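Taking it in order: structure first as structure tokens, then the write-up.
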Amino acid sequence: MLVVGDKAPEITAHNQKGKEIKLSDYLGKKIILYFYPKDDTPTCTVQSCNLRDNYTALKAAGYQVLGVSADDVKSHAKFAKKFKLPFPLFADVAHKAVNDYGVWGEKTNFGHTYMGIIRTTFVIDEKGYIAHIINKVDSDGHTAQILGLK
């Protein structure tokens, strides 16, 4: 289980354009690394669009936004295009990042229990260390949650 102060595990995956990217490509910037369950589902769309709609403010505050789900490149490309998402989405089909970050676990929805990605955001500092972990994500107010961190 990762905690504040831990070194953020490296992620190497393809983005929605099919380009291999690494988390370490963004060293020197503050990173909003948000894990979400599934492309183009209601709550994930609200969360991603909240970050999109406030992208200018997040960039002005020095943040780079990076999304992660277990969807493939094709799904990410469709999702990013449909909602005009201006930031990279990591395609973690092998579940390496979700396991490294401890966000794969048991979930319950409408009385049904299953395994999946637990919506979690990690704020990573410029040196690659975890500065904040948001476990209770407010999807439609996510930017405010992030910008309100101290």
Side-chain angles (χ1 to χ4, degrees), residues 1-27 29-52 54-55 58 63-83 85-149:
M1 181 62 86
L2 294 172
V3 297
V4 170
D6 284 349
K7 181 82 170 152
E10 177 67 287
I11 300 173
T12 301
H14 289 89
N15 68 8
Q16 67 267 33
K17 296 177 182 175
K19 179 184 177 197
E20 185 177 277
I21 57 173
K22 297 179 179 189
L23 184 64
S24 58
D25 293 341
Y26 300 94
L27 276 175
K29 296 182 180 184
K30 295 184 288 186
I31 298 168
I32 298 165
L33 183 66
Y34 78 103
F35 288 85
Y36 64 97
K38 186 112 180 92
D39 288 339
D40 209 3
T41 55
T43 306
C44 297
T45 299
V46 167
Q47 179 183 14
S48 296
C49 289
N50 175 270
L51 295 169
R52 174 205 65 201
N54 296 286
Y55 191 61
L58 292 167
Y63 290 106
Q64 170 63 51
V65 178
L66 302 169
V68 184
S69 82
D71 295 302
D72 62 20
V73 170
K74 185 177 178 182
S75 177
H76 277 347
K78 184 177 174 187
F79 183 50
K81 182 178 180 183
K82 181 177 181 180
F83 294 102
L85 302 179
F87 41 79
L89 301 175
F90 283 98
D92 187 30
V93 294
H95 294 194
K96 180 169 178 5
V98 297
N99 287 320
D100 288 351
Y101 279 81
V103 298
W104 184 259
E106 190 173 278
K107 300 169 64 167
T108 303
N109 194 15
F110 299 111
H112 177 65
T113 301
Y114 59 97
M115 296 298 287
I117 294 176
I118 299 164
R119 189 180 314 279
T120 310
T121 297
F122 294 84
V123 179
I124 301 168
D125 70 18
E126 297 88 341
K127 293 182 180 177
Y129 289 88
I130 298 169
H132 299 282
I133 302 172
I134 302 172
N135 293 307
K136 294 185 188 307
V137 173
D138 174 7
S139 294
D140 61 355
H142 199 36
T143 300
Q145 270 186 306
I146 294 163
L147 293 177
L149 295 170

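Since the model is a prediction, treat every value here as computed from it, not as a measurement.
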Side-chain donor-acceptor pair present, S139, Y36, cut-off under 3.5 Å: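 The answer is no; no qualifying pair exists.
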Short N-O contact, D39 and K78, less than 4.0 angstrom: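 Salt bridge flag = no for K78 with D39.
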D92/K96 ion pair, N-O < 4.0 Å: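 The answer is no: the pair does not qualify as a salt bridge.
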For the residue pair [X] and [Y], does the interplanar ring angle fall in the parallel (under 30°), tilted (30 to 60°) or perpendicular (over 60°) class?
X	Y	result
F83	F79	perpendicular
Y101	F35	tilted
Y55	F87	tilted

Is there a side-chain contact between [X] and [Y] (heavy atoms, below 4.5 Å)?
X	Y	result
V4	Y129	no
K30	E126	yes
V93	D71	no

Distance, nearest 0.5 Å, that separates [atom1] of [X] from [atom2] of [Y]:
X	Y	atom1	atom2	answer
I124	Q64	CD1	CD	11.5 Å
Y34	T120	OH	OG1	13.5 Å
K29	L66	NZ	CG	9.5 Å
L89	K17	CG	NZ	10.5 Å
C49	L85	SG	CG	6.0 Å
R119	D138	CZ	CG	10.5 Å

Looking only at heavy atoms, which two atoms of [X] and [Y] are closest? And how far apart?
X	Y	answer
Q47	T121	NE2-OG1, 3.9 Å
A97	V68	CB-CG1, 4.4 Å
I21	P88	CD1-CB, 3.8 Å
K107	P37	NZ-CG, 3.4 Å
E10	L23	OE1-N, 3.0 Å
I118	E106	CD1-O, 4.5 Å

Chi angles and distances behind the side-chain contact (heavy atoms from CB on, under 4.5 Å) call for S75, Q16: CA-CA 8 Å; S75 177; Q16 67 267 33; over 6 Å; no
Identified side-chain contact (heavy atoms from CB on, under 4.5 Å) partner of V65 from the options I146, L51, I31: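 Option passing the side-chain contact (heavy atoms from CB on, under 4.5 Å) with V65: L51.
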